[in-house]
Amino acid sequence: MILSMTGFGKAVAEFPTKRVTVEVKSLNSKQLDLSTRIPGLYREKEMEIRNELSQLIERGKVDFSIYIENLGKESSTQINASVVDSYIKQISNIAENSGVALPADWFSVVLRLPEALKTEIQELDEEEWKGVHDAIVRAAKQLIDFRKQEGAGLQTLLGQKIEAISSLLKEVDNYEGERIERVKTRLAEGLAKLENVDYDRNRFEQELIFYIEKLDVNEEKHRLAHHLKYFLETMDHTHGQGKKLGFISQEIGREINTLGSKSNHAEMQKIVVRMKDELEQIKEQVLNVL
């Protein structure tokens, strides 16, 4: 079964003083394009996170985020009282010596100055990291489950489009005999209109056979049918089929184009146009296959 590259996963880890939420979402991309938003507390684990996500997610444009919500009353950010007191004394002295009015709102001024606020450096607890790591894995697996659901829908749609092209290919048979007879008739009528011109009928037959052989589309029909079958087999039996399905789609397109250039028949041309329409929809959807 194929997987979509579109997905979303979310998991939460609960701790006594905080709630950690992990979110990961992905869109289609030619390779893995991973961007992360990781709080400073877990920054030391970034390479480990990236390596694990690359193995689980494989390919796609991936946005990964960790959010921390503090549940306790205490904050890790504290006012640096001694520094604030020093700033107030310095500003008061400068104001007195310069004849400048003191600030009306001390805190709005002082708390914006360097080092007025201090943040305690927190050490990452291993037990906490185990809980966060578990949330990361759960979020990634939820994204993979999402991809499976999307992939099932994609596989159904792609199968329908391939079957549509296969049905159109069978319709070509309805016009092949008529097409060849029209070519023969048109050439014979053209020669009949030439007055007082004698020609070698054996040579005419030889040239007619050669011309009809150039218009023969049996090889194209056979190769196109083979590519359509291979496309369906690839969806069922391999992993990471997106790029391979893209290559097969290109081969299908080549055979349809050759069939169109050789058709020399209005109804067959219409069939080719309908085939191309189905193929374009296939190519659009294949871009989202992992």
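These values consider heavy atoms only, across backbone and side chains, with no hydrogens, waters or symmetry-generated copies.
Partners of Lys276 according to the salt bridge (Lys or Arg N to Asp or Glu O under 4.0 Å) rule, which considers only residues two or more places apart in sequence or in another chain, do not exist here. Residues satisfying the side chain to side chain donor-acceptor pair (under 3.5 Å) test with Lys221, not counting sequence neighbours, are Asp173, Glu176. For Ile68, the side-chain contact (heavy atoms from CB on, under 4.5 Å) partners two or more places apart in sequence, or in a different chain, are Lys18, Val20, Pro39, Tyr42, Asn70. For Asp63, the salt bridge (Lys or Arg N to Asp or Glu O under 4.0 Å) test picks out no residue, with sequence neighbours left out. A search for side-chain contact (heavy atoms from CB on, under 4.5 Å) contacts involving Ala11 returns Ala135, Arg138, Ala139, not counting sequence neighbours. Not counting sequence neighbours, the partners of Glu251 by the side-chain contact (heavy atoms from CB on, under 4.5 Å) test are His227, Arg254. Lys170 meets the salt bridge (Lys or Arg N to Asp or Glu O under 4.0 Å) test with no other residue; sequence neighbours excluded. Looking at residues two or more places apart in sequence or on another chain, you find a side-chain contact (heavy atoms from CB on, under 4.5 Å) between Leu102 and Ser92, Ala95, Trp106. Residues that satisfy the salt bridge (Lys or Arg N to Asp or Glu O under 4.0 Å) test with Glu255, not counting sequence neighbours, are Arg223.
Listed by first and then second residue, the salt bridge (Lys or Arg N to Asp or Glu O under 4.0 Å) pairs that reach into residues 85-94 are Asp85-Lys89, sequence neighbours excluded. Residue pairs meeting the side-chain hydrogen bond (donor to acceptor under 3.5 Å, both in side chains) criterion with at least one member in residues 281-290, sequence neighbours excluded, are Ser4-Asn288, Thr6-Asn288, Lys161-Gln281, Asp277-Gln281. Counting only residues at least two apart or on different chains, no salt bridge (Lys or Arg N to Asp or Glu O under 4.0 Å) pair has a member in residues 96-106.
For Tyr67, the OH atom is densely surrounded, since the number of other residues' heavy atoms within 6.0 Å is greater than 12. By the 6.0 Å contact criterion, CD on Glu219 is open, its count of non-hydrogen atoms from other residues, nucleotides or ligands being 12 or less.
Taken to the nearest 0.5 Å, the CE atom of Met268 stands 10.0 Å off from the OH atom of Tyr175. With values rounded to the nearest 0.5 angstrom, Glu150 atom CD is found 10.5 Å from Ile2 atom CD1. With rounding to the nearest 0.5 angstrom, the CD atom of Gln155 is 8.0 Å from the CG atom of Leu158.
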- Query: Under the side chain to side chain contact (heavy atoms under 4.5 Å, CB included) criterion, do Met275 and Leu224 qualify, and how do the steps go?
  - Reply: CA-CA 11 Å; Met275 285 182 176; Leu224 179 53; 4.2 Å; yes
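Between Ile165 and Ile282 the shortest side-chain heavy-atom distance falls below 4.5 Å. When side chains are defined from C-beta on, Val289 counts as touching Leu154, because their heavy atoms get closer than 4.5 Å. When side chains are defined from C-beta on, Lys148 counts as touching Leu3, because their heavy atoms get closer than 4.5 Å. The side-chain heavy atoms of Val109 and Tyr87, taken from C-beta on, include no pair separated by under 4.5 Å. Counting only heavy atoms from C-beta outward, the side chains of Ile57 and Val24 approach each other to under 4.5 Å. Using a 4.5 Å heavy-atom cutoff, the side chains of Lys244 and Tyr230 are in contact. Side chains of Ile252 and Ile162 form a contact here, defined as non-hydrogen atoms less than 4.5 Å apart.
Note on Arg274 versus Glu278: no salt bridge recorded, every NZ/NE/NH1/NH2 to OD/OE distance being 4.0 Å or above.
In this structure, Glu23 contributes its side chain and Ser65 its backbone to no donor-acceptor pair below 3.5 Å.
When all heavy atoms of Ser26 and Arg147 are compared, the closest pair comes out as OG-NH2, 3.3 Å.
Grouping the Ile, Leu, Val, Met, Phe, Trp and Tyr side chains by contacts below 4.5 angstrom, directly or via other members, places Phe64 apart from Val137.
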